[in-house]
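First listed ligand is number 1; within each ligand, the first listed atom is number 1. All values below come from the heavy atoms of this structure, side chains included, with hydrogens, waters and symmetry mates left out.
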Amino acid sequence: MRKPFVAGNWKMHGSKAFILNLVTGLNSRAGELEGVDVAICPPSLYIDFTKRTLSTGVIALGAQNMAEEPHQGAFTGEGSASMLKDLGCRYVILGHSERRAIYGETDSEIANKVQVALDAGLTPIFCVGETLQERESGVMKSVISTQLEAVLSTVGIAAFSSIVIAYEPVWAIGTGVTATPEQAQEVHAFIRSKLAELDPVIAEGVVIQYGGSVKPGNAKELFGQPDIDGGLIGGASLDADDFIAICKAAEI
Ligand code: 13P
């Protein structure tokens with residue numbers, strides 16, 4: 001039985017005042033969470049502030065990105081996996097479509113980052129997803145396979161016992177257009193079947209989150225699908241009550 005997992009990706013939002021307010025709201029309602037793992041991923045600059053503001057052990061911390069380079073050194077502007085670990089992060093989002101599209105991250109860089117994160121003891125939240133054009137032109141499954149295979153060929157199937165996958169159709173991110181539960185389930189089942197070709201036991205245990213315009217009003221139906229094990233939440237994670245409502249919709 002997979003334990004559902006909901007993570008909030010705050011993206012590049014916030015300030016100390018905003019985070020104090022948001023995390024105070026999360027602190028006050030964390031006691032309601034049961035049967036679901038929960039994490040929040042602030043901008044790196046605010047991870048330490050967020051950690052000091054969080055007064056509950058129920059909500060873990062994650063980062064939104066990290067350097068591909070595993071060692072400290074002359075890499076101006078970068079932050080390493082070991083630094084994230086040192087700050088108290090348990091998770092790191094890798095391969096988000098915004099990093100792929102805006103910053104040109106390639107499958108091979110993402111695969112290396114997944115390996116570096118694992119080596120540092122972080123759990124990667126590894127994102128895959130197709131654009132609308134890819135879906136409409138019928139190459140959705142091959143796009144997702146390519147994204148998956150890049151990481152599989154670097155870290156191996158066994159490492160997927162320590163990896164969370166997030167399926168985020170690019171066309172559903174921040175658009176208000178959600179994949180229907182059936183559309184999402186189809187891709188989640190496809191991802192699991194690809195992993196099952198290599199190791200059915202690992203495949204059965206991998207948590208696969210859905211991300212893309214998840215809101216309190218659509219979360220329950222999405223999370224009710226057999227292969228959807230929670231969500232990666234953008235906009236709605238910036239509101240404590242909405243985020244808690246989404247977490248509770250994933251509870252088993
Ligand atoms: P939205 O929930 O704002 O659509 O963002 C989804 C996402 O990209 C989470 O990583």
> Considering the heavy atoms of Asn9, write down every atom of ligand 1 situated less than 4.0 Å from one of them.
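Listed by number with element, the hits are 9 (C), 10 (O).
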> Answer yes or no for Lys11: is there a heavy-atom contact with ligand 1 below 4.0 Å?
yes
> Output yes when the distance from some N or O of ligand 1 to some N or O of Lys215 is under 3.5 Å, and no in every other case.
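For ligand 1, there is no N or O atom that lies under 3.5 Å from one belonging to Lys215.
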> Kindly list each side-chain donor-acceptor pair under 3.5 angstrom involving residues 12-19, sequence neighbours excluded, with atom names and distances?
residue	atom	partner	partner atom	Å
Ser15	OG	Phe18	N	3.1

> Go through Asn27 and Thr56 one step at a time and tell me if the side-chain hydrogen bond (donor to acceptor under 3.5 Å, both in side chains) criterion holds.
CA-CA 6 Å; Asn27 286 336; Thr56 167; 5.7 Å; no
> Counting C-beta onward and ignoring hydrogens, is there a side-chain heavy-atom pair between Val187 and Arg135 closer than 4.5 Å?
yes
> I want to check a possible cation-pi pair here: Arg52 against Phe49, using under 6.0 Å from ring centre and within 45° of the ring axis as the test.
no
> Among the heavy atoms of Gly212, does any lie under 4.0 Å from an atom of ligand 1?
yes
> Specify the protein heavy atom at minimum distance from atom 7 (C) of ligand 1: its residue, its atom name, and the distance to 0.1 Å.
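Ranked first by proximity to atom 7 (C) of ligand 1 is Glu168 OE2, 3.2 Å.
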> Does ligand 1 have an atom that lies less than 4.0 angstrom from a heavy atom of Ala172?
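The answer is yes, since Ala172 has a heavy atom less than 4.0 Å from ligand 1.
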> So for atom CD, which belongs to Glu221, do other residues, nucleotides or ligands contribute more than 12 heavy atoms lying within a distance under 6.0 Å?
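Counting neighbours around CD of Glu221, 12 or fewer heavy atoms of other residues, nucleotides or ligands fall under 6.0 Å, so no.
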> Starting from atom 2 (O) of ligand 1, locate the nearest protein heavy atom and write down its residue, its atom name and how far away it is, to 0.1 Å.
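Scanning the protein heavy atoms, the shortest distance from atom 2 (O) of ligand 1 goes to Gly234 N, 2.9 Å.
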> Taking heavy atoms and a distance under 4.0 Å, where does Ile173 meet ligand 1: side chain, backbone, both or neither?
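Both the backbone and the side chain of Ile173 come within reach of ligand 1.
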> Distance under 4.0 Å to a non-hydrogen atom of Gly174: what atoms of ligand 1 satisfy this?
1 (P), 3 (O), 4 (O)
> Could you identify the single nearest non-hydrogen protein atom to atom 3 (O) of ligand 1 and state the distance to 0.1 Å?
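So the nearest neighbour among protein heavy atoms is Gly235 N, 2.8 Å.
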> When you look at Glu68 and Glu78, which way does the side-chain contact (heavy atoms from CB on, under 4.5 Å) test go after all the steps?
CA-CA 9 Å; Glu68 183 181 358; Glu78 290 292 294; over 6 Å; no
> Supply the atom-to-atom distance Cys41 SG to Asn9 CG, rounded to the nearest 0.5 angstrom.
6.0 Å
